[in-house]
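See structure below.
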Amino acid sequence: MTHFRSKRLSRPRRGKVVAAVLGLVAALSLGAIGDAQAAPSARAVPAADRWTDRPHGFASLAGGTTGGAGGKVVTVTDQAALAKYAAAEEPYVIRVEGAVEMDPFGTEIPVASDKTIIGVSDTAEIVHGGFTLDPGTHNVVIRNLTIRDTAIEGNWDCKDTDYDGIRLDTAHHVWIDHIRFSRICDGQLDIRKDSEYVTVSYNRFTNNNKTFGIGWTPNVRTQITVDHNWFTGTKQRNPSADNCAYAHLYNNYLSSQLSDGDPVWTYGNWSRGKTKMVIENSFYDGVQHPYQADATAELVQRGSILRNTTGRHDAWGAAFDPREFYAYRLDPAAAVPALVKRFSGPQKRIGGPVELRVPAAYPTVQSAVDAVPDGNDTPVTIAVAPGTYREKVYIPASKPHLALRGTGRDRSDTVIVFDTPAEYGGSTGSATVRIAANDVTARNLTFSNDFDEAAHELKGEQALAMKTTGDRIVFEDTAFLGNQDTLMTDSPKLTTLSRVYVRDSYIEGDVDFVYGRATTVIERSVIRALSRGSDTNNGYITAASTWKGNPYGFLITKSKIVSDAPAGTFHLGRPWHPGGEPDAIAQVLIRDTQLPAAVKSSPWTDMSGFSWKDARFTEYRNHGPGAGVTADRPQMSDAAARTHTVAHYLEGTDDWAPYARHH
């Protein structure tokens, strides 16, 4: 557990955002299998994560492909919503949940630039239709979907229909990943008319005639990477690449090719026109004409394995060296069938809980919050990389189900800080972070208001690090740094009950620095009472304003209060009646907690004309040099203590139990 020094001794450094983006985790690997002649690596390359949300290959070049990253995240379950967001001008991450059936049959939804369309888990489907990217469309990611069933019985060649699964016309920077295509009429994937910077990875192409075509233009412009795809039960165009500037095919698996006796138009890979094609470490099993090239084209093949193949095995020309364009890792050809069977097509772990990364995809924490749509009903994690983020953050009531998570090793690695005092915006306006939404969790973060009250003479020196008004708020392994009014846990109005659970955390301040009317449990935490340099009164830890109808206000339990203030100079709390509200009757229980010598022997005191004796202040089984039992220190009875536990404070009417995974 990290203990912070007082802000008066060491204030967080001001400055621009400092953020370290973590490297990709190592890939799942099956190891080297067999004795395939894989091309040697030109230089050391980090292992690519098979689940990464960043494209590789040609789609990663010339500015890269980020899709809708930085835009709002929406979940769709029907055609109308999918079409609306796919065609929008602004960026969107569009999560597709369940099966979306196209009407009329064969509808291809236009996709505009700056979009990510991603299936939730492995059950999202586009049925009886597909997508089209018209000329000029760019920066699109389509992932983790099944696109199926536009084939028409008896119309195998699809001469009078053109229902593609995904069609690109003069588009650029597109990533097609983890898609299962099945029974599509005409092409499952058509990349046409000089589309550029495309990567097609980890897809399954099944049960089709004209599977995957590239080209249809005399120009030689398309650059495409095709890797770790499985072609099974298909006839032709697996893929066919016509007049591609560069076509890099590696670690693909072609198996169980449709056997219809066609001596020419049943084939695997075809380098056509003036295409330069490189094939590496692929696996062909039961394929006629596994790879072939026109006399005007070039094709380099190395390291692949062929089983039960017949017909053309063309290879001529120098083509190009893919490593001059991008780094990549080759899996051994012998491992390809197992790898591709396991990892291609839709995956459960892709498109699951939403994670918005700061600053990788969103420059600020607030911009990530803004990307969550109003009325959000999907858990969203905002993953904040280590750094100091000098900004104010507001999570409105319309954006529930959020989690703020620092990705550093320690909560002090990731700091959200600002320096507004109440003089400039009131108490609420001073808060560095405000949480008005329900069901918000924060972990492994530091929240700070570093307003320097010692350097300013102001009437309103309150400076909140955090204010909450939502219900079911959890803080774990967090720190709250401030002086006066550091942490306010409140509710929308006096009679509305809100609950907050703080665990394994650190809170520091001097005057009323844990306060408000929310039912709040602080467990297994360190509370630091800062010295103001007085020999008599250095401050107050709590200032509760609990509604009189609420039996549960603040519970500080199994924690440690520390202080560098002189002995006998700190109060445990005083009763706050906002605006003189008579029905705000503070309830505070401090139990099973270590108290420092700084705590006064009479630790509760009056506030604004209201007597502490009219409040509900009690202690139970505290210890340490500041603990004691006197007439001015009410002690809770054993019987009452049995109904004043963490569970009793938090359960409400919905049996909320955020502590359950710890107890």
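All figures in this text were calculated on a predicted structure; none of them were measured in a lab.
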Could you check whether R405 pairs with D477 (Lys NZ or Arg NE/NH1/NH2 to Asp/Glu carboxylate O, under 4.0 Å)? no
For ring pair (Phe, Tyr, Trp, His ring centres under 6.0 Å), just list the numbers for F480 and Y506, CA-CA rounded to whole Å, side-chain angles, deciding distance to a tenth of an Å, and then say yes or no. CA-CA 6 Å; F480 305 89; Y506 173 89; 9.3 Å; no
side-chain hydrogen bond (donor to acceptor under 3.5 Å, both in side chains) partners of residues 64-76, not counting sequence neighbours, each pair once: T66-N139, T75-R95
Residues R143 and D53 bridged, charged N to O under 4.0 Å: no
Carefully, step by step, assess Y552 and Q587 under the rule side-chain hydrogen bond (donor to acceptor under 3.5 Å, both in side chains). CA-CA 6 Å; Y552 301 116; Q587 193 279 321; over 6 Å; no
Ring centroid separation for Y197 and H173, is it under 6.0 angstrom? yes
Centre-to-centre under 6.0 Å for F325 and F58, is that the case here? yes
Got F475 and T468 here, is their nearest side-chain heavy-atom distance under 4.5 Å? yes
Is R621 salt-bridged to D592, going by a charged N under 4.0 Å from an acidic O? yes
Would you say that T542 contacts L572 through its side chain, given a criterion of any heavy-atom pair below 4.5 Å between the two side chains? no
Would D227 and H56 count as a side-chain hydrogen bond (donor to acceptor under 3.5 Å, both in side chains) if you check the C-alpha gap in whole Å, the side-chain angles of each, and the deciding distance to 0.1 Å? CA-CA 10 Å; D227 70 281; H56 53 280; 2.7 Å; yes
Lys NZ or Arg CZ of R323 over Y328 ring: under 6.0 Å, within 45°: yes
Enter the distance from Y515:OH to S427:OG here, rounded to the nearest 0.5 Å. 3.0 Å
Tell me which one of D654, D439, D490 satisfies salt bridge (charged side-chain N to carboxylate O under 4.0 Å, His left out) with R499. D654
Are side-chain heavy atoms of T478 and F447 found at a separation under 4.5 Å? yes
If you round to the nearest 0.5 Å, how far is CD of Q484 from CG of L530? 12.0 Å
Nearest-0.5 Å distance, CE of residue M488 to OG1 of residue T520: 10.5 Å
In the structure I gave you, are the side-chain heavy atoms of E391 and V365 within less than 4.5 Å of one another anywhere? yes
Could you give the distance from CD1 (I382) to CD1 (I395), rounded to the nearest 0.5 Å? 6.0 Å
Flag side-chain contact, heavy atom, 4.5 Å: R532 against V511: yes
Tell me, with the steps shown, if Y250 and H228 meet ring pair (Phe, Tyr, Trp, His ring centres under 6.0 Å). CA-CA 7 Å; Y250 69 94; H228 293 91; 5.8 Å; yes
Quick one: does D450's side chain get under 4.5 Å of L481's, heavy atoms only? no
Between E476 and R411, does any side-chain N to carboxylate O distance fall below 4.0 Å? no
What distance separates I507 CD1 from F513 CZ, expressed to the nearest 0.5 Å? 7.5 Å
Test side-chain hydrogen bond (donor to acceptor under 3.5 Å, both in side chains) on K467 and T428 and set out the steps. CA-CA 7 Å; K467 178 177 180 177; T428 296; 2.6 Å; yes
Heavy-atom check, side chain of S534 versus side chain of T569, under 4.5 Å: no
Could you state the interatomic distance from OG (S559) to CD1 (I590), rounded to the nearest 0.5 Å? 9.5 Å
Any side-chain heavy atom of V76 within less than 4.5 Å of one from Y85? yes
